[in-house]
2 protein chains.
Amino acid sequence: MAHPALAKEEVVARLMKVFRREGYEGASLSRLSEATGLGRSSLYHHFPRGKEDMAAAVLDLARARLGPLVLEPLAGPGPVRARLEAMARGYAEFYEEGHASCLTELFGIGTAGEQFIPRLTQSSDHLIGAIATALVETGMAEPRARQRAEDALIAIQGALVLSRARNTTAPFHRILAELPDRLLG
Amino acid sequence: MAHPALAKEEVVARLMKVFRREGYEGASLSRLSEATGLGRSSLYHHFPRGKEDMAAAVLDLARARLGPLVLEPLAGPGPVRARLEAMARGYAEFYEEGHASCLTELFGIGTAGEQFIPRLTQSSDHLIGAIATALVETGMAEPRARQRAEDALIAIQGALVLSRARNTTAPFHRILAELPDRLLG
DNA sequence: GTCTATAGCTAGATAGAC
DNA sequence: GTCTATCTAGCTATAGAC
């Protein structure tokens with residue numbers, strides 16, 4: 001049959017799982033093939049430049065997921081504090097309650113990861129912009145809002161790192177719980 | 001000649017450079033051999049279990065460097081604020097002014113990195129303990145001191161991550177500059 | 001669009017001479 | 001302690017049938 005075994009989005013979701021578990025360098029075509037149920041050649045049919053293209057698709061999917069989980073709650077109606085709390089819940093879900101690594105760790109490490117830096121920059125731009133916009137709504141001055149937004153990303157990513165180093169998700173959950181207060185000052 | 005071409009510490013320092021540039025998975029024996037000037041077999045003579053042992057030696061060297069750069073300034077005499085400033089300078093040097101990745105990113109990613117988690121846990125334990133001890137000296141309650149110390153590590157590691165994602169060391173330097181004030185409240 | 005088969009290479013690791 | 005030479009396994013990637 002010439003029919004797709006899986007919807008492309010489902011394929012990419014399965015690739016994401018492998019990259020999250022193994023990192024970009026550690027994810028081998030064998031594992032990626034096994035996880036998707038697609039043979040090597042089928043993977044190359046969908047992703048002509050191989051692992052590179054698969055990683056790019058995974059980063060695109062990550063960005064797509066951050067929309068409903070983080071960006072939309074931030075932009076949506078309601079009081080700013082409630083929106084920041086919704087954002088924190090979105091982050092918790094996106095990072096699998098603190099068990100996942102942040103994307104920069106997975107894709108931005110080493111010379112092989114340099115090609116993905118522009119995508120990571122773009123994602124952090126969007127997130128910082130969205131948080132800052134919400135803070136400005138409360139009357140906060142733009143520069144301070146942007147700095148606090150940057151601090152939020154720093155705290156989230158740092159908490160993920162420490163959570164892995166210490167084998168507990170406690171730092172991640174603590175930081176998320178504190179996030180609205182930290183942002184609103 | 002049966003003489004060492006390089007002192008072992010110099011060999012490990014060169015290995016560290018490669019691991020910092022490529023990450024654990026990305027660092028190949030070819031690169032490690034090239035960087036040290038030692039053939040594959042010589043590397044296996046010094047590190048019988050190969051890359052695994054090299055990484056362990058690099059993590060030991062990192063810990064040794066954190067002593068004089070971070071732990072000793074924290075413990076040493078003088079007012080606590082001055083010691084925290086010295087610690088921040090030590091961190092800046094250790095992380096090459098923000099151009100290096102944090103060790104958890106380099107060695108803690110993926111299934112291959114799991115074996116190094118205990119070492120990373122131990123390092124973070126020491127650092128949190130040392131910072132908290134300094135804060136307690138100022139009269140701060142122990143639990144708050146430990147939490148602030150944890151926040152400091154989170155901020156430093158998060159800033160390193162964001163600095164790489166955004167291709168600028170500005171977040172890293174900003175966080176270090178703010179560190180004493182954040183810790184002392 | 002998927003498969004089997006395999007090319008071609010580089011990885012990590014070892015043997016044994018000096 | 002270092003070297004040259006080499007092994008095996010795994011890797012990414014491709015060819016071509018269905």
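In this text the structure is predicted, and so the values were computed from the model without any measurement.
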Whole angstrom value for the distance that separates [atom2] of [N] from [atom1] of [X]:
X: Asp53(A); N: dT12(D); atom1: CG; atom2: C1'; result: 13 Å
X: Phe47(B); N: dG12(C); atom1: CZ; atom2: P; result: 15 Å
X: Glu25(A); N: dA11(C); atom1: CD; atom2: C1'; result: 12 Å
X: Lys8(B); N: dT2(D); atom1: NZ; atom2: C1'; result: 14 Å
X: Leu29(B); N: dC3(D); atom1: CG; atom2: C1'; result: 16 Å
X: Glu34(B); N: dG12(C); atom1: CD; atom2: P; result: 13 Å
X: Leu38(B); N: dT2(D); atom1: CG; atom2: C1'; result: 8 Å
X: Arg31(B); N: dT10(C); atom1: CZ; atom2: C1'; result: 12 Å

Would you say [X] reaches [N]'s phosphate, i.e. side-chain N/O to OP1/OP2 under 4.0 Å?
X: His46(B); N: dT2(D); result: yes
X: Tyr44(B); N: dA13(C); result: yes
X: Ser30(A); N: dG10(D); result: no
X: His45(B); N: dT2(D); result: no

- Result for 5'-nearest mapping on DNA chain D, choosing between Lys51(A) and Gly37(B), is Gly37(B)

- Message: Does Gly26(B) reach a base, just sugar-phosphate, or nothing at all? Heavy atoms under 4.0 Å.
- Response: nothing

- Message: Under 4.0 Å, heavy atoms only, any strand: does Ser28(B) hit a base, just the sugar-phosphate, or nothing?
- Response: sugar-phosphate

Taking 4.0 angstrom as the limit, do [X] and [Y] come out as a salt bridge?
X: Arg89(B); Y: Glu93(B); value: no
X: Glu150(A); Y: Arg146(A); value: no
X: Glu137(B); Y: Arg83(B); value: yes

- Residue Arg40(A), side-chain heavy atoms: nucleotide from dC3(D), dA13(D), dG12(C) that is nearest: dA13(D)

- Could you check which of dG12(C), dA13(D), dT2(C) has an atom nearest any side-chain atom of Ser42(A)? dT2(C)

- Flag, side chain of Thr169(B) to backbone of His99(B), donor-acceptor distance under 3.5 Å: no

- Establish whether the base of dA13(D) is bridged to the side chain of Ser41(A) by a donor-acceptor pair shorter than 3.5 Å. no

- Query: If we only count heavy atoms from C-beta on, is the Asp151(B) to Ile175(A) side-chain gap below 4.5 Å?
  - Reply: yes

